[in-house]
Colleague: 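Once you've had a glance at the structure underneath, I'll fire off some questions.
Read the numbers this way: they start at 1 and go in the same order the structure lists the ligands and their atoms.
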Amino acid sequence: MKALLKVNEGYSGVALQDIQEPAIESNEQIKIKVHAAGICGTDMHIIYDEYPVNMPVVMGHEFSGTIVELGSDVKDFSIGDRVVSLTAAVTCGKCIYCKQGVLMLCNSRKSIGSGVNGAFAEYLIVPSRAVYKIPENISLDEAALSEPLACVVRCLIERGTVTSNHHVVISGVGAMGMLALQVSVANGAKVVVVGTSRDKDRLEIAKEFGAYEAINIENPEAFERLQELGGPYGFDVAIECAGHESSLDNSIQLLRKQGELIQVGLFGKPIRFNSDLLLMKEIKYVNGFASNPTSWDIALTLMKENKVSLSKLISHKFALDDWEAAINSVKQGQGFKTLFMPNA
Ligand SMILES: [Zn+2]
Ligand SMILES: [Zn+2]
């Protein structure tokens with residue numbers, strides 16, 4: 001089967017290869033035919049060696065598909081079921097983190113698309129405990145965004161406290177920023193989003209998703225306007241989704257004292273920020289590493305109840321053969337989510 005792998009360092013270490021189709025090796029596994037697999041910021045960090053991987057590995061962790069084969073011990077699922085899965089495919093099951101259900105923190109964790117083979121391929125194998133059925137009202141295309149949605153839920157709801165009446169500023173208007181916007185609005189928050197000149201179209205769409213104002217930070221009066229919007233004290237919550245130093249800096253400045261700073265984006269490198277200002281404002285800095293089973297329960301409920309709109313976030317679709325064009329479109333910051341359609 002065709003698969004896009006990270007086999008070596010750098011961009012030149014990414015390769016489309018014909019590899020053996022995976023087979024079920026234990027009774028708890030499920031074989032999934034991939035329908036769509038989204039390219040994530042993390043995949044870009046993997047391509048440029050800014051995120052640890054177990055090479056050679058098939059990339060891709062945000063996917064949807066249908067079950068084509070079941071291990072003999074798998075109950076609750078049938079051939080043909082439309083499914084998604086969380087990324088922590090390998091965990092010890094015994095440590096304090098596994099027992100709490102915080103699978104991503106298990107020392108033995110291996111994730112789909114970095115530790116074990118992922119979804120930029122025609123098929124993949126996943127343990128049944130990681131698999132979830134897709135709500136009936138959600139298409140297979142849309143379901144490919146359930147993993148990033150679960151990550152946003154982890155940051156905003158499980159680790160952060162975005163609730164109604166919170167005045168929120170979101171910095172970064174890519175797919176994660178738009179999901180953070182929708183989850184915040186679904187929870188009753190009042191949200192302003194911030195992007196740059198290259199986000200002109202994205203800033204317009206943010207209003208459709210419920211942002212009451214969308215600001216281009218490169219406009220000369222932008223920061224002043226944001227301070228005005230934050231009111232006399234500043235914003236209650238700032239969500240950093242861009243993974244840029246300047247965006248983090250603005251977030252710290254715009255927050256009120258004792259506000260909450262939620263880190264969603266990865267920077268891909270060590271960064272500098274004003275820790276003293278964070279301290280003097282008693283800002284709580286929280287984050288989240290991918291998602292846990294509880295995050296998926298919340299994310300799938302949001303989808304089922306139509307509290308989030310995922311289809312508008314799908315901007316590009318590519319065959320695996322056109323992987324270079326797909327990566328380029330992500331690099332240029334076009335649209336929101338680019339999907340691979342490995343079996344199309
Ligand atoms: Zn992702
Ligand atoms: Zn463990």
Colleague: Using a strict cut-off of less than 4.0 Å between a Lys/Arg side-chain nitrogen and an Asp/Glu carboxylate oxygen, indicate whether Asp236 and Lys190 qualify as a salt bridge.
Modeller: no

Colleague: Measuring from atom OG of Ser64 to atom NZ of Lys33, what distance do you get when rounded to the nearest 0.5 angstrom?
Modeller: 12.5 Å

Colleague: Please determine which of His166, Lys284, Arg256 meets the side-chain contact (heavy atoms from CB on, under 4.5 Å) test together with Val237.
Modeller: His166

Colleague: State the CD1-CG distance between Ile271 and Leu266, to the nearest 0.5 angstrom.
Modeller: 11.0 Å

Colleague: Roughly how far, to the nearest 0.5 Å, is the NE2 atom of His244 from the CG atom of Asn250?
Modeller: 12.0 Å

Colleague: Kindly compute the distance separating OG (Ser291) from NE2 (His61), expressed to the nearest 0.5 Å.
Modeller: 8.5 Å

Colleague: Rounded to the nearest 0.5 Å, how far does CD of Glu221 lie from CD of Gln227?
Modeller: 13.0 Å

Colleague: Between Glu324 and Tyr11, do the side chains contain an N or O donor and an N or O acceptor separated by less than 3.5 Å?
Modeller: yes

Colleague: Ignoring water, what protein N, O or S atoms are under 2.8 Å from the Zn ion (ligand 2)?
Modeller: Cys92 SG, Cys95 SG, Cys98 SG, Cys106 SG

Colleague: Does the Asp199 side chain pair with the main chain of Arg202, one donor and one acceptor, at a distance under 3.5 Å?
Modeller: no

Colleague: Please report the number of protein N, O or S atoms that lie less than 2.8 Å from the Zn ion (ligand 1).
Modeller: 3

